[in-house]
**Q** 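Quick one: the structure is below, and I'll ask about it shortly.
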Amino acid sequence: MAQGQINQYQSLNPTAPTLKRSSSFTSAQAKALKPFDSGDIKVLLLENINQAAIDILSGEGYQVEAHSKSLPEDVLIEKIRNVHCIGIRSKTQLTSKVLAEAKKLLVIGCFCIGTNQVDLEAAARQGIAVFNSPFSNSRSVAELVIAEIIFLSRQLGDRNTEMHQGIWNKVSAKCYEIRGKTLGIIGYGHIGAQLSVLAESMGMTVYFYDIIQIMPLGTAKQVSTLDELLERSDFVTLHVPETEETKNMIGDAEINKMKKASYLINASRGSVVQVPALIKGLQSEHLQGAAIDVYPREPRSNGQYFNDELNSWTTELLKCKNLIMSPHIGGSTEEAQRMIGVEVATALFKYINYGTSIGAVNFPEIDLRAIQDTEKNSIRVLFAHQNVPGVLREINQILSDHNVEKQYSDSRGEIAYMMADISDVDENDIRKIYDTISSSKANVLTRIVY
């Protein structure tokens, strides 16, 4: 093995019942365990991923193909067959059908918070790690919600529409300051916590509801039930993930428990609020106003596609007064998209080059201290395998003739993942280790980087 060379062996068990992926081999010139300086790694980026991500991945020497929109399923399947890494946002659907064709895919980057557009279990079964950006757009979403609170309390949406129609309608009735009002936050994660701080700085009282006990920021107070939060709050805002527990979380019963003339804001997931119930609350004026940034079904591209064919209640929703509607732009700022690009792209190249899976949403999260330039003739074994008894005993037997500098293993559901750094090996040793480990019946994906 030439000094300073980095190569990557990769193998997938073709006999595994849920996997039909072929073996591959890639090699490139670079310093030990430094980023690849090679065009062998192919990356497909869809949906206008920020330039910062393109620069980072191109800087690693990868072949990067970027598209401004999502692709039709047939085109996506054709493209994904030959790439090692794919980056998407919320519109591209990586279903089990699509992933079954991803013969070389190592890793998926979701350049957004949500990952429900990816079949995470199918990806894990194929040894494909999935990364996202859980907090890089938190500030952008929190600022949008603050703006919506002010807009709703002053009916600015309606006044703006009227002015565009040439209508002068100077009124103060049912227009309020937000100082002294109560904000109820459902979901006190990264976004909810930032929103809490911003709202308090503007004189609001903040309560929040979460399914786990959380240390509040500032003087915010956690309530024990959703009903208590709904009954206390002038403004209710949702910041929860899409789960079975949060689907249809806000319906007729919950809206009726809210204060008369209160406001509802949803910048989380479209499935959380039952829109017909929201329409009814606005039409009856039980709700003074609402703001929606997410919808149960959303257009796949920009254009005049937001209509009754997409969601049957669209026409009725558009008739509602003091309703702010935006096209899922909570995290759509230059700052947020750049931060997301940097965060996810960094996770992708660290996984490809080093095997680091910290931050993966469907995969065991492990890492090892980097191999130093002074550690000559060292390799890193990356072994994803079925989580069954006896595998580590088998692998350690294979490695017993070598000097294992460090080793770490963890499991998540049906998949386990092991990293091991081996020193004092030559080219023949590398091939033997690779061939022996990848022939394990439990093998899902074996890689060696050096």
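Please read all numbers here as calculations on a predicted model, not as lab measurements.
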**Q** Counting distance only, does the side-chain N/O of Gln222 pair as donor-acceptor with the main-chain N or O of Ile214 below 3.5 Å?
**A**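 Yes, the answer is positive, given that a donor and an acceptor are paired below the 3.5 Å cut-off.
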**Q** Do Thr225 and Asp227 meet the criterion of a side-chain donor-acceptor pair at a distance under 3.5 Å?
**A**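 Judged by distance alone, the side chains do not pair up.
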**Q** Is a donor on one side and an acceptor on the other found under 3.5 Å between the side chain of Glu405 and the backbone of Ile422?
**A**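 No; zero donor-acceptor contacts below 3.5 Å.
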**Q** How about Glu365 and Ser357: does a side-chain donor come under 3.5 Å of a side-chain acceptor?
**A**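 No pair is found: no donor N or O on one side chain lies under 3.5 Å from an acceptor on the other.
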**Q** I'd like to know if the side chain of Ser262 reaches the main chain of Met258, judged simply by a donor and an acceptor atom lying under 3.5 Å from each other, with no hydrogens or angles considered.
**A**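 Such a contact is absent between Ser262 side chain and Met258 backbone.
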**Q** For Tyr434, is the NZ or CZ atom of Arg380 found under 6.0 angstrom from the centre of its six-membered ring and inside 45 degrees of the ring axis?
**A**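 Here Arg380 fails the 6.0 Å and 45° test against Tyr434.
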**Q** Nearest 0.5 angstrom please: Phe306 CZ to Glu298 CD, how far?
**A**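 Atom-to-atom, Phe306:CZ and Glu298:CD are 8.5 Å apart.
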**Q** Please examine the side chains of Ile292 and Val273, heavy atoms only from C-beta on, and report whether any two atoms are closer than 4.5 Å.
**A**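 Heavy-atom side-chain distance check fails, nothing below 4.5 Å.
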**Q** Are Gln407 and Val404 side-chain neighbours, meaning at least one heavy-atom pair lies under 4.5 Å?
**A**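 Side chain of Gln407 against side chain of Val404, heavy atoms only: contact under 4.5 Å found.
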**Q** For residues Ser96 and Ala122, report the shortest heavy-atom separation together with the two atoms involved.
**A**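 Heavy-atom minimum between the residues: CB-CB, 4.0 Å.
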**Q** Report yes if the side chains of His84 and Ile352 come closer than 4.5 Å at any heavy-atom pair, otherwise no.
**A**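 No, their side chains stay 4.5 Å or more apart.
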**Q** Quick one: are Gln386 and Glu414 in side-chain contact, heavy atoms under 4.5 Å?
**A**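 Of all side-chain heavy-atom pairs linking Glu414 with Gln386, none is under 4.5 Å.
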**Q** Are the side chain of Asn387 and the backbone N or O of Ile415 linked by a donor-acceptor pair below 3.5 Å?
**A**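 No: the side chain of Asn387 does not pair with the backbone of Ile415.
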**Q** NE2 of His190 to CD1 of Ile113: how many Å apart, nearest 0.5 Å?
**A**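 Interatomic distance, His190 NE2 to Ile113 CD1, rounded to 0.5 Å: 8.5 Å.
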**Q** Report yes or no: does Thr436 contribute a side-chain atom to a donor-acceptor pair with the main-chain N or O of Ile433 at less than 3.5 Å?
**A**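 No; judged by distance alone, with no hydrogens or angles, the pair does not exist.
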**Q** When you look at Ser70 and Glu47, which way does the side chain to side chain donor-acceptor pair (under 3.5 Å) test go after all the steps?
**A** CA-CA 5 Å; Ser70 60; Glu47 303 182 64; 5.5 Å; no
**Q** How far apart are the C-alpha atoms of Arg338 and Glu335, what are their side-chain angles, what is the distance that settles it, and do they pass the salt bridge (Lys or Arg N to Asp or Glu O under 4.0 Å) test?
**A** CA-CA 5 Å; Arg338 184 184 184 283; Glu335 294 89 347; over 6 Å; no
**Q** How far does NZ of Lys97 sit from CG of Leu99, to the nearest 0.5 angstrom?
**A**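 Those atoms lie 12.5 Å apart.
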**Q** Ser423 side chain to Ser378 main-chain N or O, any donor-acceptor pair under 3.5 Å?
**A**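 Between the backbone of Ser378 and the side chain of Ser423 there is no qualifying donor-acceptor contact (under 3.5 Å).
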**Q** Give the intermediate values and the outcome of side chain to side chain donor-acceptor pair (under 3.5 Å) for residues Asp55 and Ser58.
**A** CA-CA 5 Å; Asp55 293 342; Ser58 298; 5.8 Å; no
**Q** Are the side chains of His239 and Ile186 in touch, meaning some heavy atoms are under 4.5 Å apart?
**A**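 His239 vs Ile186: side chains apart.
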**Q** Compute whether any side-chain donor of one residue and acceptor of the other, for Gln117 and Ser90, lie under 3.5 angstrom apart.
**A**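 No.
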**Q** Apply side chain to side chain contact (heavy atoms under 4.5 Å, CB included) to Ile366 and Ile358, showing your working.
**A** CA-CA 6 Å; Ile366 64 175; Ile358 300 298; 5.6 Å; no
**Q** Output yes when a side-chain donor or acceptor of Gln194 lies under 3.5 Å from a complementary backbone atom of Ile191, and no otherwise.
**A**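 Not a single qualifying donor-acceptor pair exists.
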**Q** Is there a donor-acceptor pair closer than 3.5 Å between any side-chain N or O of Ser196 and the backbone N or O of Gly192?
**A**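 Checking the backbone N and O of Gly192 against the side chain of Ser196, no donor-acceptor pair under 3.5 Å is found.
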**Q** Are Ser440 and Glu394 close enough that some pair of their side-chain heavy atoms sits under 4.5 Å apart?
**A**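 Of all side-chain heavy-atom pairs linking Glu394 with Ser440, at least one is under 4.5 Å.
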**Q** What distance separates Gln397 CD from Leu392 CG, expressed to the nearest 0.5 Å?
**A**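 Between atom CD of Gln397 and atom CG of Leu392 there are 13.0 Å.
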**Q** Going by atom types alone, do Ser326 and Asp293 pair a side-chain donor with an acceptor below 3.5 Å?
**A**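 On atom types as modelled, these side chains qualify, holding a pair under 3.5 Å.
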**Q** Given 3.5 Å as the limit, does a donor-acceptor pair link the side chain of Asp234 with the main chain of Lys181, or not?
**A**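 Checked: no pair found.
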**Q** Look at the rings of Phe363 and Tyr351 and say which category their plane angle falls in: under 30° parallel, 30 to 60° tilted, over 60° perpendicular.
**A**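 The rings of Phe363 and Tyr351 stand perpendicular, inter-plane angle above 60°.
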**Q** Cation-pi between Arg89 and Phe111: NZ/CZ under 6.0 Å from ring centre and within 45° of the ring axis?
**A**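 No, cation not above the ring by the 6.0 Å, 45° rule.
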**Q** Checking side chain to side chain donor-acceptor pair (under 3.5 Å) for the pair Thr95/Asp119: CA distance, chi angles, key distance, verdict?
**A** CA-CA 5 Å; Thr95 62; Asp119 189 326; over 6 Å; no
**Q** Strictly distance-based, threshold 3.5 Å: is any side-chain N or O of Asp426 a donor or acceptor partner for the main-chain N or O of Asn428?
**A**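 Here the side-chain-to-backbone pair exists.
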**Q** May I ask you to check whether Tyr417 and Phe383 place their ring centres under 6.0 Å from each other?
**A**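 Judged by ring-centre distance (under 6.0 Å), Phe383 and Tyr417 do not meet the cut-off.
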**Q** Do the non-hydrogen side-chain atoms of Thr92 and Leu94 ever get within less than 4.5 Å of each other?
**A**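 Side-chain contact under 4.5 Å: yes.
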**Q** Using the benzene-type ring in the case of Trp, are the ring centres of Phe349 and Tyr62 under 6.0 Å apart?
**A**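 No, they do not, as the ring centres are separated by 6.0 Å or more.
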**Q** Check whether any side-chain heavy atom of Arg139 lies under 4.5 Å from a side-chain heavy atom of Thr333, and answer yes or no.
**A**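 No; the side chains remain at least 4.5 Å from each other.
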